[in-house]
Amino acid sequence: MQSKHYQLSLRILLVILVISLTEAALAQTYDRRDVTFASQGLKCAAWYYVPKGVKVDEKRPAIVMAHGWSATKEMYLDNFASKFANTGFVVLVFDYRFLGASEGEPRGQLLPADQHDDYRNAITWVSLQKEVDANRIGIWGTSYSGAHVLQIAAYDRRVKAVVSQVPGADSWDLVRRNVPGSEWDGMFAWFATDRRERYTSGKVNYIPVVAEKGPSSLPQKESYEWFTRAAKLAPRWQNQVTVETLEKSLELNPAANIHHISPTPLLMLVASDDIITPTDQALAAFDRALQPKQLVLIKGRHFDAYDGPKHHEFAQPAVEWLKKHLMN
C-alpha cells in the first residue's frame with residue numbers, strides 16, 4: 001500500500017513538473033541577446049528581443065525603450081520589455097551613453113539632448129533590422145525618459161505610437177518645487193562655479209543620485225529606498241550624476257511641445273500620488289496634448305510602476321495601447 005502511494009505521489013510530481021516546464025516555455029516566447037548600436041561615435045549597450053517563430057521576410061512592429069534618471073536597463077525594465085516581446089513585438093532596451101554598459105565619459109552625464117540623440121539612433125538601428133517593420137515603431141519611456149519620449153514623438157515622425165509613464169513634464173517647474181527660495185540663487189552660483197572649473201581645468205563635479213543623508217539629485221526618501229533596492233540588480237549603476245546634468249536638465253520642458261505629438265497616438269500613465277514627477281504637472285501636460293490620446297491614472301506612487309503589486313496596472317495598458325496602434 002505504501003509503495004502504491006509512493007508511485008502515485010511520484011506521478012503527481014512528474015505531472016506538476018511537466019506543467020511547470022510547459023508554462024515556463026509558453027511564458028517566454030522570445031529570444032533576447034546583447035547588442036550594441038552606434039550613437040554619436042560611441043556604442044550604446046542594449047538588449048534585443050525577437051519573438052520566436054518570426055518567419056523569413058516577416059516584418060514585426062518594434063518598441064524602443066530606455067530608463068529614467070541615471071537608471072540602467074537591469075533596473076526592472078525587463079518586466080516591461082518581456083511583456084511587449086511576448087505580445088509579438090521586437091523590442092530594443094538600451095543604456096544611454098555615459099551610463100551602465102554603454103560607452104562614454106564622463107560617467108553619469110544625463111544631458112537631455114544627448115539622451116534624445118540616443119533614442120533617435122536606437123530608432124534608426126532597430127528600423128534597419130531584418131525582422132522590423134520600419135513603419136511600425138513605437139517608443140516607451142518612464143520618468144526622465146517619459147519626458148524624453150514626449151519630446152521625441154513631437155518631432156520624429158518615424159514614431160507611430162508613444163507611451164509616457166510617470167513623466168516629468170517641466171524640469172524647471174519640478175526643480176522650483178524642490179529647491180527652497182532661499183537656495184535658488186545659490187544653486188545658480190553653484191552651476192556657475194562648476195562651469196568655470198570645467199572651462200579652466202576640465203574638472204567634472206558630481207552629486208549623488210540618492211543619499212540617506214545630505215544633498216542628492218533625488219532627495220526623496222522613496223527615491224533612496226528604490227535605488228538602493230534596484231542597484232542590487234545593476235552592478236554597473238553608479239550613484240552619481242554630473243553637476244552639468246542638473247544645470248542642463250532645467251531646459252527639458254516637453255509640456256511646451258506636447259501638442260505637436262498629434263496625430264501620433266499618445267498614452268500617458270500617471271501615478272495619483274507622485275511626488276517625484278508631480279501628478280498635477282503630468283495631468284496639466286496631458287490636457288495640452290491633442291487627440292488621439294489616452295490617460296490612465298493609477299492609484300499609487302512613482303516607483304510603484306516597476307515591480308510589485310501595482311506593476312501590472314502600469315504595464316498592461318501600455319501593452320494594449322501599443323498593440324492597438326501598431327498591430328491592428
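Throughout, residue positions are numbered sequentially from 1 according to the sequence presented. Computed from heavy atoms alone, side chains included, the values below leave out hydrogens, waters and symmetry copies. Predicted, not measured: the structure shown is a model, and the values here were computed from it.
Remark: side-chain polar atoms of Thr36 are not paired, donor with acceptor, to backbone N or O of Ala45 under 3.5 angstrom. With hydrogens and angles ignored, the 3.5 Å screen pairs a side-chain donor or acceptor of Arg60 with a backbone N or O of Gly88. Judged by distance alone, with hydrogens and angles left aside, the side-chain atoms of Asp133 form no donor-acceptor pair with the main-chain N or O of Pro61 at under 3.5 Å. Remark: the backbone N or O of Lys299 is paired with a side-chain donor or acceptor of Lys310 at under 3.5 angstrom. Panel note: side chain Ser102, backbone Phe98; no donor-acceptor pair is recorded below 3.5 Å. Within the 3.5 Å criterion, the main-chain N or O of Ser70 finds a donor-acceptor partner in the side chain of Trp237. Side-chain atoms of Gln281 come within 3.5 Å of backbone N or O of Ala169 as a donor-acceptor pair. The backbone N or O of Arg301 lies less than 3.5 Å from no partner atom in the side chain of Asp273, so there is not a single donor-acceptor pair. With hydrogens and angles disregarded, no donor-acceptor distance shorter than 3.5 Å links the side chain of Ser171 to the backbone of Asn253. Looking only at distances, no side-chain donor or acceptor of Thr29 sits under 3.5 Å from a matching main-chain atom of Lys52.
No salt bridge links Arg236 with Asp95; every basic N to acidic carboxylate O contact stays at or beyond 4.0 Å. Looking at Arg177 and Asp280, a side-chain N of the basic residue comes within less than 4.0 Å of a carboxylate O on the acidic one, giving a salt bridge.
At a cut-off of 3.5 Å, with distance as the only test, a side-chain donor of Thr124 or Arg158 sits close to an acceptor on the other residue. A donor-acceptor pair shorter than 3.5 Å can be found between the side chains of Thr142 and Tyr306. Looking at Asp274 and Thr279, their side chains never bring a donor and an acceptor atom within 3.5 Å of each other.
Of all heavy-atom pairs spanning Val50 and Arg33, the tightest one is CG2-NH1, 4.3 Å. When all heavy atoms of Ala154 and Asn257 are compared, the closest pair comes out as CB-O, 3.6 Å. The heavy-atom pair separating Thr87 from Met327 by the smallest distance is O-CE, 3.3 Å. The two residues Asp114 and Arg97 come nearest to each other via the heavy atoms O-NH2, 3.0 Å. Here the shortest heavy-atom pairing between Lys293 and Phe286 reads NZ-O, 2.9 Å. Minimum interatomic distance between Ala71 and Phe227 (heavy atoms only, all atoms of both residues): CB-CE2, 4.3 Å.
Contact check for Tyr48 versus Val126: side-chain heavy atoms found under the 4.5 Å cut-off. Looking at Val243 and Tyr206, their side chains never come closer than 4.5 Å, going by heavy atoms from C-beta outward. Leu92 is not listed as a side-chain neighbour of Trp47, based on a closest heavy-atom distance of 4.5 Å or more. Counting heavy atoms from C-beta on, the side chains of Phe303 and Ser223 come closer than 4.5 Å. For the pair Phe314 and Asp304, the minimum side-chain heavy-atom distance is below 4.5 Å. Put simply, the side chain of Trp190 reaches to within 4.5 Å of the side chain of Leu246, judged on heavy atoms. Under the 4.5 Å side-chain criterion, counting only non-hydrogen atoms from C-beta, Ser249 is in contact with Tyr144. In this structure the side chain of Arg229 reaches within 4.5 angstrom of the side chain of Tyr76, judged on heavy atoms.
Under a hydrophobic-cluster definition in which Ile, Leu, Val, Met, Phe, Trp and Tyr are linked whenever side-chain heavy atoms come within less than 4.5 Å, directly or via other members, Val35 and Val91 are assigned to the same cluster. Residues Leu290 and Ile152 do not share a hydrophobic cluster, defined by chaining ILVMFWY side chains whose heavy atoms lie under 4.5 Å apart. Under the 4.5 Å side-chain contact rule for hydrophobic residues, Ile207 and Leu99 share a cluster. Side-chain heavy atoms closer than 4.5 Å link hydrophobic residues (I, L, V, M, F, W, Y) into clusters, and following such links, even through other members, never connects Val149 to Leu174. Using a 4.5 Å cut-off between side-chain heavy atoms of Ile, Leu, Val, Met, Phe, Trp and Tyr, with links allowed through other members, Leu218 and Leu111 fall into different hydrophobic clusters.
The aromatic rings of Tyr30 and Tyr49 lie tilted to each other, with the angle between the two planes from 30° to 60°. Using a 30° and 60° split on the angle between ring planes, Phe89 and Phe84 fall in the perpendicular class, above 60°.
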Test log, rule side-chain contact (heavy atoms from CB on, under 4.5 Å), inputs Met187 and Phe191: CA-CA 6 Å; Met187 181 182 71; Phe191 291 161; 3.6 Å; yes
From CA spacing to verdict: ring-ring contact (aromatic ring centres under 6.0 Å, His included), Tyr119, Phe94: CA-CA 9 Å; Tyr119 253 108; Phe94 70 92; 5.2 Å; yes
Test side-chain contact (heavy atoms from CB on, under 4.5 Å) applied to His302 and Ser143, step by step: CA-CA 8 Å; His302 186 85; Ser143 195; 3.1 Å; yes
Worked verdict on Leu252 versus His148 for side-chain contact (heavy atoms from CB on, under 4.5 Å): CA-CA 8 Å; Leu252 183 60; His148 293 339; 3.8 Å; yes
Stepwise side-chain contact (heavy atoms from CB on, under 4.5 Å) check, Ile258 with Leu266: CA-CA 10 Å; Ile258 196 169; Leu266 165 65; 4.2 Å; yes
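We find the CD-CE distance between Gln294 and Met268 to be 12.0 Å, quoted to the nearest 0.5 Å. Atom CG of residue Asp307 and atom CH2 of residue Trp226 lie 8.5 Å apart, to the nearest 0.5 angstrom. In this structure, CG on Leu326 lies 10.5 Å from CH2 on Trp321, to the nearest 0.5 angstrom. With values rounded to the nearest 0.5 angstrom, Met65 atom CE is found 8.5 Å from Gln165 atom CD. With rounding to the nearest 0.5 Å, the separation of CZ in Arg157 from CD1 in Ile261 is 8.5 Å. Residue Leu322 holds its CG atom at 12.5 Å from CD1 of Ile137, rounded to the nearest 0.5 Å.
By the 6.0 Å contact criterion, NZ on Lys83 is enclosed, its count of non-hydrogen atoms from other residues, nucleotides or ligands being greater than 12. Summarising the local packing, NZ of Lys43 is surrounded by 12 or fewer heavy atoms from other residues, nucleotides or ligands at distances under 6.0 Å.
Taking the ring centroids of His311 and Phe80, they lie under the 6.0 Å cut-off.
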